[in-house]
Amino acid sequence: MNQIQSTELKISKFLSFSVFICGGLILCGWILKLKMTGNPFFTFEIYDRIPLKDLLVFHFEKNDWPQLLSYLGLCCLITIPFVRVFIMTFLYFKSKELILALVSTFVLIGLFLGLALGIQS
Amino acid sequence: MKENKEISTYHVENLPVGLISMYFAGILSALLGIGSGIFKVIAMDGAMKLPLKVSSATSNFMIGVTAAASAGAYFLRGDIRPEIASPVALGIIMGSWMGSKIMMKLPTSQIRKIFVIVLFIVSIQMILKGLKT
């Protein structure tokens with residue numbers, strides 16, 4: 001096993017651990033929310049799209065920490081693939097694996113482009 | 001494929017066919033609203049002659065990375081509600097962790113059988129959905 005493979009294995013293990021941390025945050029938020037409000041599905045009667053920023057401000061003002069905890073867990077969970085590709089890109093550039101570095105840079109650009117286009121649409 | 005207990009060697013074949021298959025997998029998954037993992041695994045396993053475990057792991061990685069972009073956009077737009085997403089995410093975290101552990105232990109032939117059963121169920125479900133509409 002070369003250096004890149006061993007580092008990649010370490011990153012994978014770290015990110016797998018991060019997934020469980022995110023799961024823990026989501027679980028705590030969800031259980032606390034269930035305890036506080038009972039069945040949260042009763043609140044879903046009308047679909048109303050509110051931007052995340054406004055939702056966070058709303059829950060922060062209401063001191064709705066369980067909901068904010070769930071948001072934190074979900075945010076970290078969504079960020080993990082970005083972090084994975086970013087670290088790999090950095091690692092490939094560092095070890096001068098130029099083809100792999102370019103491929104992972106291309107994937108990273110695609111990810112951010114997809115995110116930007118998704119927000120705009 | 002040459003195989004022993006520690007190292008398996010394999011060669012990627014028919015890369016253009018794999019590329020075209022992925023293109024159609026993307027179209028079909030967007031069109032039918034089902035996960036493209038099934039098509040990806042078929043393309044990698046069948047056309048590109050990758051081992052099933054490699055196909056499955058690569059498909060998982062591809063789905064995870066590409067889904068992150070759209071999930072991030074939905075999240076920032078406020079479409080993801082923690083009340084609904086939390087139990088789903090928790091179930092998937094536990095299920096995928098168990099699945100990856102089981103995949104490491106199960107022989108490829110067993111995984112192939114499971115894959116065939118899943119394909120059969122999905123096909124039946126799609127046919128029934130098609131007949132209903």
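Below, read A as the first sequence line, B as the second, and so on, with proteins coming before strands; counting in each chain starts at 1.
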| query | Any link between Phe115(B) and Met126(B) through a network of hydrophobic side chains (Ile, Leu, Val, Met, Phe, Trp, Tyr) touching at under 4.5 Å? | reply | yes

| remark: Applying a strict 4.5 Å limit to non-hydrogen atoms, the region of Phe61(B) in contact with chain A is side chain

| Is there a side-chain contact between Pro87(B) and Trp30(A) (heavy atoms, below 4.5 Å)? | yes

| Taking a hydrophobic cluster as the set of Ile, Leu, Val, Met, Phe, Trp and Tyr residues connected by side-chain heavy atoms closer than 4.5 Å, whether directly or through intermediates, do Trp97(B) and Leu15(A) fall within one such cluster? | yes

| field | Under 4.5 Å from any heavy atom of chain A - which part of Ile92(B) | value | neither

| Proximity of residues 20-27 of chain A to chain B, residues having a non-hydrogen atom under 4.5 angstrom | Phe20(A), Gly23(A), Ile26(A), Leu27(A)

| task | Identify the residues of residues 52-70 of chain A whose heavy atoms come closer than 4.5 Å to a heavy atom of chain B, ordered by number, or report 'none'. | result | Leu52(A), Leu55(A), Gln67(A), Ser70(A)

| request: Heavy-atom pairs under 4.5 Å with chain A are the metric here; pick the option from Ser86(B), Ala89(B), Ala85(B), Ser100(B) that has the most. | output: Ser86(B)

| query | Are more than 12 heavy atoms from other residues, nucleotides or ligands located less than 6.0 Å from atom CD1 of Ile99(A)? | reply | no

| request: Answer yes if Leu15(B) and Met44(B) sit in the same cluster of Ile, Leu, Val, Met, Phe, Trp and Tyr residues linked by side chain heavy atoms under 4.5 Å apart, and no otherwise. | output: yes

| Which residue out of Ala67(B), Ser96(B), Ser70(B), Gly72(B) racks up the most heavy-atom pairs below 4.5 Å with chain A? | Gly72(B)

| said: Do Phe120(B) and Leu128(B) sit in one hydrophobic cluster, given that two such residues count as connected whenever their side-chain heavy atoms are within less than 4.5 Å of each other, even indirectly? | reply: yes

| request: Decide yes or no for Leu74(A) and Pro82(B): does some side-chain heavy atom of the first lie under 4.5 Å from some side-chain heavy atom of the second? | output: yes

If you look only at distance, which donor and acceptor atoms sit under 3.5 Å apart when one is on a side chain in residues 17-24 of chain B and the other is two or more places apart or in another chain?
| from | atom 1 | to | atom 2 | distance (Å) |
| --- | --- | --- | --- | --- |
| Ser21(B) | OG | Val17(B) | O | 2.6 |

| Leu108(A) reachable from Leu102(A) in the ILVMFWY side-chain graph, under 4.5 Å edges | no

| task | Examine whether an atom of Tyr71(A) lies under 4.5 Å from a heavy atom of chain B, and if so say whether it belongs to the side chain, the backbone or both; otherwise answer neither. | result | both

| query | What is the distance from atom CD of Glu83(B) to atom CG of Leu34(A), rounded to the nearest 0.5 Å? | reply | 10.0 Å

| Among residues 83-94 of chain A, which ones touch chain B with a heavy-atom distance under 4.5 Å? | Arg84(A), Val85(A)

| remark: Rounded to the nearest 0.5 angstrom, the OH-CG distance for Tyr74(B) and Leu115(A) is 12.0 Å

| task | Let me know if Leu90(B) has heavy atoms under 4.5 Å from chain A in its side chain, its backbone, both or neither. | result | side chain

